[in-house]
Amino acid sequence: MQPVGSINSFQVTQLDAAADANTKQGQGVDHQLEKLLWTEMLKSAGIEDAIIPEGAASASSFAQFVIEEMAADLAEQHPFGVGEAANDKVVQEQ
């Protein structure tokens, strides 16, 4: 089990791939970071358990989709500001 807030290499790879795809759609890495943070917070809060009925293992893909969509909406409407700060830091260092 990972500590809350840790990001593993798979998530970093997903973030990189999503950033490439979303940069083309006008969304930057900052938005993707915000979405990733909201996704992890929603999972930690137990939203996944609330979506998946007891014994319905096949519903986990659906639950992941729902959580990611909720996180995308939350990142858009209520960003933490961490993504923007990280993006600003990268721009300053370039």
Side-chain angles (χ1 to χ4, degrees):
M1 180 171 210
Q2 300 178 32
V4 174
S6 68
I7 299 176
N8 62 33
S9 62
F10 176 72
Q11 290 170 320
V12 171
T13 304
Q14 282 183 316
L15 184 60
D16 289 342
D20 290 341
N22 288 320
T23 300
K24 295 174 188 169
Q25 297 175 0
Q27 294 178 338
V29 175
D30 54 341
H31 178 76
Q32 289 301 308
L33 181 58
E34 296 283 347
K35 180 181 169 186
L36 181 64
L37 291 171
W38 273 111
T39 299
E40 292 303 316
M41 287 191 59
L42 290 170
K43 286 180 180 179
S44 295
I47 299 294
E48 190 170 20
D49 295 334
I51 295 171
I52 301 173
E54 190 70 33
S58 62
S60 65
S61 295
F62 175 73
Q64 180 66 27
F65 171 76
V66 170
I67 290 170
E68 287 178 5
E69 290 301 310
M70 289 171 64
D73 287 343
L74 287 166
E76 181 86 19
Q77 299 298 319
H78 306 286
F80 291 111
V82 175
E84 187 176 338
N87 193 35
D88 291 347
K89 179 82 170 165
V90 169
V91 169
Q92 288 176 354
E93 290 180 2
Q94 290 181 346

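Side chains included, hydrogens not; waters and symmetry mates left out as well; all remaining heavy atoms used.
For the pair T39 and K43, the minimum side-chain heavy-atom distance is below 4.5 Å.
A distance-only check finds a donor-acceptor pair linking the side chain of E34 to the backbone of G81 [under 3.5 Å].
The minimum heavy-atom distance between I67 and L42, with the atom names listed, is O-CD1, 3.8 Å. In this structure, I52 and A63 approach most closely via the heavy-atom pair CG1-CB, 3.5 Å.
Taken from NZ in K35 to CE in M70, the straight-line distance is 13.0 Å, to the nearest 0.5 Å. Atoms CG and CD, on D73 and E69 in that order, are 7.0 Å from each other to the nearest 0.5 Å.
Partners of F80 under the ring pair (Phe, Tyr, Trp, His ring centres under 6.0 Å) rule, at least two apart in sequence or in another chain, are W38.
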